[in-house]
Student: 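Below are the structure tokens for one structure; questions will follow.
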Amino acid sequence: MSQSPKISNQTKRWQEMDAAHHLHPYSEHHALAKKGARVITHAEGVYLYDSEGARMIDGMAGLWCVNVGYGRPELAEAGAKALKELPYYNSFFQTTNPYVAELSEKLSTLTPDGLDRFFFANSGSEANDSAVKMIRYFWNLQGKPHKKTIISRIQAYHGVTMAAASLSGIPSMHPQADLPLPGFVHIDYPYWYALGGDSDVGEFGLKVARALEDRILELGADNVAAFFAEPVQGAGGLVIPPETYWPEIQRICKKYDVLLHVDEVICGFGRTGNWFGSHTYDIQPDSMSMAKGMTSGYQPLSAVALGPRMGDVLFNANEEWSHGFTYSGHPVACAVALANIEVLERDKLVEKAGGEIGAYFQQRLASLNDHLIIGETRGVGLLGAMEIVKDKKTRERFGDATGGLCRDHCTTSGIVMRAIGNTMVLSPPLSITKPEIDELFEKAREAFDLTAHDLGAS
Ligand code: PXG
């Protein structure tokens, strides 16, 4: 979506309003205001359109969320119907609504066995903050008030609210707000390509998992409440765990009676080829958070799912639970989630991500391994990562700005790809077709060619 030097007056006006009054997430405000934000006006299927009429294929499904693709009338109609019938009512004072009741039951059929009780919020961050409070409350109810420290991982992304940002392990997320809060600690993550050196992948997975055991022993198991992790780390670099990693993590959590919370905000709703990443990696969590793909981003909605251990304790507490949002179980968001799940089921999008379409995507991704500046490709379902390197053998990198350079070439080539350091990432809508996958990877190759040329590597 190259911004032509001559942009329309309407675009200019939107950019001016935006620059003067809108603070963007994760942006350098003054630099963005000077450049002018790109104005996205509409979207259809896997394509985005800007206010200047340029079209791009959205290789990131928005922010890893538009699983059914853009422009689904079923979701719009379900939302409109709920807006007319019950635009709002809360679920605080002994009331509920049909949409949240139906969604809760539906979710219980999709989540791993036993995760049958759901609390609703509006974002992944709120779900994770809520989960932290539930974990603390659980141990208080169990008469173990010292069991409070939560262990998560370096480069984890669990959101931006105070507890969610404390759980997150991306270094830049902490100093501006004096985080992490006390009681949150971070351990190594299973990023074999960057950290594994010459080690065997399986051995590396075990070694990194055992960092959890070491930390539990260091802190004392009586002080550790939970381990909190994504099945596949998304925003932290698309880190796909070695096969040995999750079984060992689960063994350690069981051994030391540490709860396992799985953040399914990206992996949920088909992204890894099954309904949840926990299915793909055979994880049996005590609790789970989900958001993004639950409504395909058409409405803000998130949830925490509780398994029997936490669920029974919290459910049977003889006091009021002091937590909940004005919009918990919002009827419009829940109606859209139900329609979204119906589309995922009807169009067999999860089966396709775990079957023919996912396999085709992975095959096209792997074909980039022959590119001069690609050191590794890896993926699962409809997630894919490409490592840009100067030297394939030594894994030596170009400078830090390389990912950004490549991302700019993607934009010029007409695709949205995410740059995480020097790792390029794809997470397209699950509705993507084979010809669209071909287009995505042809344009990705073009962007890598242009990047290689700029770096003097071609
Ligand atoms: N958990 C995970 C695993 C996430 O990826 C959150 C929680 C927080 O969700 P909310 O709805 O509060 O944003 C996320 C969000 C990126 C990017 O650039 C990723 C996210 C959000 C914004 C940008 O990759 N993930």
Side-chain angles (χ1 to χ4, degrees), residues 23-28 58-67 120-132 150 152-170 172-173 177 179 184 186 189 226-241 261-272 276-278 280-281 283 285 287-305 325 327-328 330 333 337 380-385 403-404 407 410-411 416-428:
L23 291 178
H24 287 243
Y26 282 95
S27 303
E28 236 179 277
D58 185 2
M60 281 306 294
L63 277 177
W64 324 71
C65 57
V66 187
N67 289 12
F120 293 92
N122 312 288
S123 66
S125 301
E126 287 175 352
N128 286 334
D129 265 55
S130 300
V132 167
I150 301 187
S152 56
R153 299 178 295 181
I154 295 167
Q155 286 297 116
Y157 191 89
H158 296 297
V160 294
T161 46
M162 293 296 273
S166 296
L167 288 165
S168 298
I170 297 176
S172 60
M173 292 177 71
L179 296 172
F184 293 88
H186 302 89
Y189 67 126
F227 178 60
F228 210 103
E230 302 158 73
V232 171
Q233 274 174 271
L238 200 68
V239 177
I240 302 200
H261 179 97
V262 171
D263 180 339
E264 293 268 6
V265 168
I266 284 179
C267 293
F269 299 91
R271 180 56 57 197
T272 65
F276 290 94
S278 292
T280 303
Y281 293 98
I283 306 168
S287 53
M288 230 167 79
S289 37
M290 59 190 82
K292 297 187 188 276
M294 182 153 54
T295 59
S296 288
Y298 282 50
Q299 282 288 293
L301 183 67
S302 64
V304 182
F325 300 100
Y327 302 126
S328 285
H330 195 287
V380 59
L382 279 169
L383 285 170
R407 188 200 46 224
C410 289
T411 307
V416 178
M417 211 180 344
R418 172 96 164 75
I420 303 171
N422 286 332
T423 310
M424 302 307 294
V425 172
L426 285 169
S427 169

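These values consider heavy atoms only, across backbone and side chains, with no hydrogens, waters or symmetry-generated copies. Remember, it's 1-based here, ligands and their atoms both numbered in the order they're listed. Everything numeric in this text was worked out from a predicted model, so none of it was measured.
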Student: Taking all non-hydrogen atoms of both residues into account, name the closest pair between Val304 and Ala127 and its distance.
Tutor: CG2-O, 3.2 Å

Student: For the side chain of Glu230 and the backbone of Tyr157, is there at least one donor-acceptor N/O pair under 3.5 Å apart?
Tutor: yes

Student: Is the closest side-chain heavy-atom distance between Met290 and Val265 below 4.5 Å?
Tutor: no

Student: So which residues, sorted by chain and number, lie with a heavy atom under 4.0 Å of ligand 1?
Tutor: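 Only Leu63, Trp64, Ser123, Gly124, Ser125, Asn128, Tyr157, His158, Gly159, Glu230, Ala235, Asp263, Val265, Ile266, Lys292, Arg418 have heavy atoms that fall under 4.0 Å of ligand 1, ordered by chain and number.
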
Student: We want to know whether His261 and Ser287 form a side-chain donor-acceptor pair, criterion being a heavy-atom distance below 3.5 angstrom.
Tutor: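 Checked: His261/Ser287 side chains pair up, N/O donor to acceptor below 3.5 Å.
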
Student: For a quick test of reading the model, state the closest non-hydrogen atom pair linking Ala164 to Val160 and the distance between them.
Tutor: CB-N, 4.0 Å

Student: Quick one: closest heavy-atom pair of Ala333 and Leu301, and the distance?
Tutor: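 Heavy-atom minimum between the residues: O-CD2, 3.7 Å.
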
